[in-house]
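Report on the following structure.
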Amino acid sequence: MTDDELRELLRQTRVIAVVGLSANPDRPSNQVAWYLHHQGYRLFGVNPRCPVPEVFGVPVLPSLDQVPVAVDVVDVFRRPEYAADVAREAVAVGARVLWLQAGIRSPEARAIATDGGLRYVEDRCLKVDHARVLGRRVGAADG
């Protein structure tokens with residue numbers, strides 16, 4: 001994906017589901033979600049093991065199919081062996097993009113996502129890419 005394509009994708013994104021969101025502020029999922037939340041995106045955490053119902057005001061749900069609105073980007077913080085299952089869920093809920101965070105690659109998830117009509121990004125950090133192509137602007141997700 002080129003920087004121009006990435007910039008356009010991020011400008012069109014309104015809702016991000018963060019699969020694997022942790023309530024622990026030391027975890028990368030928490031830090032990335034906090035950043036995205038403060039860029040103005042509407043976030044939903046997806047983590048059936050999260051001990052709290054909200055993380056910094058972001059609702060945390062047990063599954064992707066419980067997100068009450070259409071999801072643009074499914075941002076995945078799960079080990080590669082779980083990525084294919086998340087890809088199936090992302091296709092089922094009609095997401096537009098499956099994004100596997102830095103360090104996560106899955107040929108099976110790629111095939112499921114692309115066969116299901118989703119754009120696919122792997123082994124990249126959404127926070128880093130956002131800051132690089134759009135800059136850090138609190139409350140301004142639409143560029």
Decide side chain to side chain contact (heavy atoms under 4.5 Å, CB included) for Leu36 and Asp75; before the verdict, give the C-alpha distance in whole Å, the side-chain angles of both, and the deciding distance to 0.1 Å.
CA-CA 11 Å; Leu36 295 170; Asp75 187 19; 4.1 Å; yes
Rounded distance (nearest 0.5 Å) linking atom CE of Met1 with atom CZ of Arg119
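The distance works out to 4.0 Å.
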Measuring from atom CG of Leu9 to atom NE2 of His130, what distance do you get when rounded to the nearest 0.5 angstrom?
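Going from CG on Leu9 over to NE2 on His130, the span is 10.5 Å.
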Shared ILVMFWY cluster between [X] and [Y], side chains joined below 4.5 angstrom?
X	Y	result
Val76	Leu43	no
Val58	Phe77	yes
Val32	Trp99	yes
Leu118	Leu64	yes
Val15	Val91	yes

Under the side chain to side chain donor-acceptor pair (under 3.5 Å) rule, collect the residues that match up with Arg96, sequence neighbours excluded.
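Counting only residues at least two positions away or on another chain, Arg96 forms a side chain to side chain donor-acceptor pair (under 3.5 Å) with Asp72.
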Taking only residues two or more places apart in sequence or in another chain, which ones pass side chain to side chain donor-acceptor pair (under 3.5 Å) with Arg124?
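In terms of side chain to side chain donor-acceptor pair (under 3.5 Å), with neighbours along the sequence ignored, Arg124 is linked to Asp129.
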[X] vs [Y] side-chain heavy atoms within contact, under 4.5 Å:
X	Y	result
Leu21	Phe44	no
Val52	Val60	no
Tyr35	Gln39	yes
Ile112	Ser106	no
Ile16	Leu126	yes
Arg110	Leu100	no
Arg88	Asp85	yes
Val133	Leu10	yes

Taking [Y]'s backbone N and O only, do any of them form a donor-acceptor pair with [X]'s side chain (distance below 3.5 Å, no angle check)?
X	Y	answer
His37	Ala33	no
Ser22	Ser29	no
Arg14	Arg11	yes
Tyr120	Ala111	no
Gln101	Asp123	no

Mutual orientation of the aromatic rings belonging to His38 and Phe56 [parallel < 30°, tilted 30-60°, perpendicular > 60°]
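Rings of His38 and Phe56: tilted, 30 to 60°.
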Search all heavy atoms of [X] against all heavy atoms of [Y] and return the closest pair with its distance.
X	Y	result
Leu98	Ala90	CD1-CB, 4.2 Å
Val46	Ala17	CG2-CB, 4.4 Å
Glu8	Gln12	OE2-NE2, 2.7 Å
Pro68	Leu61	CD-CD1, 4.1 Å

Would you please test Val73 and Tyr41 for side chain to side chain contact (heavy atoms under 4.5 Å, CB included) and show each step?
CA-CA 10 Å; Val73 175; Tyr41 294 104; over 6 Å; no
Give the C-alpha distance, both sets of side-chain angles, the deciding distance and a yes or no for side chain to side chain contact (heavy atoms under 4.5 Å, CB included) between Asp4 and Arg7.
CA-CA 5 Å; Asp4 286 340; Arg7 190 175 295 109; 2.7 Å; yes
Step-by-step side chain to side chain contact (heavy atoms under 4.5 Å, CB included) determination, Leu6 to Arg132:
CA-CA 10 Å; Leu6 181 58; Arg132 185 175 56 77; 3.8 Å; yes
Counting only heavy atoms not in Arg27 (residues, nucleotides, ligands), do more than 12 fall under 6.0 Å from its CZ?
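No.
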Applying side-chain hydrogen bond (donor to acceptor under 3.5 Å, both in side chains), which residue pairs with at least one partner in residues 53-68 are found, sequence neighbours left out?
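Counting only pairs at least two positions apart or across chains, the side-chain hydrogen bond (donor to acceptor under 3.5 Å, both in side chains) contacts touching residues 53-68 are Ser63-Asp65.
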